[in-house]
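Notes for the one structure printed next.
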There are 2 protein chains.
Amino acid sequence: MSDAAPWLDDEEMATWLAFVSLVSRLPNALDGQVRTDAGLSYFEYTVLVVLEHAEDRTMRMSDLAYLANGSLSRLSHVARRLEKEGFIRRFACPTDGRSTLAALTEDGLQKLAEAAPGHVKLVRALVFDELTRDEMRQLGELSKRMLDRINP
Amino acid sequence: MSDAAPWLDDEEMATWLAFVSLVSRLPNALDGQVRTDAGLSYFEYTVLVVLEHAEDRTMRMSDLAYLANGSLSRLSHVARRLEKEGFIRRFACPTDGRSTLAALTEDGLQKLAEAAPGHVKLVRALVFDELTRDEMRQLGELSKRMLDRINP
DNA sequence: TCCAAGTCGTTGAATCTTCAATAAATACTA
DNA sequence: TAGTATTTATTGAAGATTCAACGACTTGGA
């Protein structure tokens, strides 16, 4: 902590204000759509989407939490709710007694179908319709680099 | 809602996965630093920063909520905590009886000083150190455009 | 002026998330 | 192999956020 970082200059500050505002507001926008269309939070929706693309639509809780961008504890609480509603089921992992596997049910798959079209439409409207192909690639590139900094 | 949006192609999907992951994780990273350095949530910190830059370090609750990227209700709850701790004070607006003004106190200013250096350092480490000048400008540009889509 | 409609902020209840503690199983090491 | 350290997941309590309802005030039009 000994070395002080220089403060942001005007251009950096303008960039930061816009970017941090985007980062704060985009999740709310996504959440609102999914909640309206399917009665799920965006995190719950993400959990179901990740499971949908997993092999056998099944995944370890730890891995699911990581891919859904949430903590294991958060997932555990949410999984209880999702299981209670019948969208997923949980069972012990046969090869590692510590692990729990979560699987998407048919009801969960159907729930996804309710939210997905509206979600794609919103993502297009808010993000992709605004970008050229090159800008889109660049956004992905920059995002990956920043992510690498965030993750250990 | 009649027209269906085409699903994302591979490049779009890869971009979206990275971007949405970033958007989900960056707030947590920022929150952790501010919480460690000053015992504030990132939203609380943002509220103080916005006030710091306001005229007379004073601002209407509504405007403050907007600029801090939160709902008015959220701000109202947080303002109670911040006021209790002595970092801000609230008083009736003299020109509009409906409004409340919030002002940063000396203690609040000092609290900011505890968190700011670490915050700049982290923002640099996670975002700006990773980008060239042109990429930085581009990120700001794209962020602004997406924000315009989100806001009404 | 008076009333209806709109704006501004707060509040309490319900919901969600985090944090720390715990339990159970596996991996490592001497 | 015994003992310790790690990994995995869940839980309950504390804290934070959202939502809907409310009260107080202002604005605009009849």
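Worth saying up front: this structure is predicted, and the values here are computed from it rather than measured. Residue numbering restarts at 1 for every chain, and letters A, B, ... go by the order of the sequence lines.
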Output for pair (B:Lys84 NZ, B:Leu82 CG), nearest 0.5 Å, gives 12.0 Å
Using whole Å, report how far OH of B:Tyr66 lies from P of C:dC8. 14 Å
Write out all pairs satisfying salt bridge (Lys or Arg N to Asp or Glu O under 4.0 Å) with one or both partners inside residues 71-81 of chain B, taking only residues at least two apart or from two chains. B:Glu44-B:Arg81
For A:Arg60, salt bridge (charged side-chain N to carboxylate O under 4.0 Å, His left out) partners two or more places apart: A:Asp63
Pairs meeting criterion ring pair (Phe, Tyr, Trp, His ring centres under 6.0 Å) with involvement of residues 51-77 of chain B, two or more places apart: none
Provide, to the nearest angstrom, the distance between the CG atom belonging to A:Leu72 and the P atom belonging to D:dT7. 13 Å
Can you sort out the partners of A:Arg145 under salt bridge (charged side-chain N to carboxylate O under 4.0 Å, His left out), two or more places apart, ordered by chain and number? B:Glu135
Sequence-distant partners of A:Asp129, side chain to side chain donor-acceptor pair (under 3.5 Å), two or more places apart: none
Could you list by number each residue of residues 45-61 of chain B showing a heavy-atom separation from DNA chain D of less than 4.0 Å, or answer none if no residue does? none
Once each nucleotide of nucleotides 15-28 of chain C is scored for protein heavy atoms under 4.0 Å, what B/S/- sequence comes out, 5' to 3'? -SSBB-----BS--
What is the nucleic acid contact for A:Ser76, judged by heavy atoms within less than 4.0 Å: base, sugar-phosphate only, or nothing? base
Between D:dA16 (P) and B:Tyr42 (OH): distance, integer Å: 18 Å
In chain order, what residues pass the side chain to side chain donor-acceptor pair (under 3.5 Å) check against B:Gln138, with sequence neighbours excluded? none
For nucleotides 2-5 of chain C, list the nitrogen or oxygen atoms of the protein found under 3.5 Å from its nitrogen or oxygen atoms, one pair per line.
none

Point-to-point distance, once rounded to the nearest 0.5 Å, from CG of B:Leu139 to CE of B:Met136: 9.0 Å
Residues in side chain to side chain contact (heavy atoms under 4.5 Å, CB included) with A:Asp96, at least two apart? A:Cys93, A:Arg98, A:Ser99
Please collect all ring pair (Phe, Tyr, Trp, His ring centres under 6.0 Å) contacts where either partner lies in residues 109-137 of chain A, sequence neighbours excluded, each pair once. A:Tyr42-A:His119, A:Tyr45-A:His119
A:Leu101 CG to D:dT8 P, in whole Å, measures 13 Å
Take the protein atom CG of B:Asn69 and the nucleotide atom P of D:dA16, then report the distance between them rounded to whole Å. 19 Å
According to salt bridge (Lys or Arg N to Asp or Glu O under 4.0 Å), does anything in residues 15-31 of chain B pair up with another residue at least two apart or in another chain? List the pairs. B:Asp31-B:Arg35
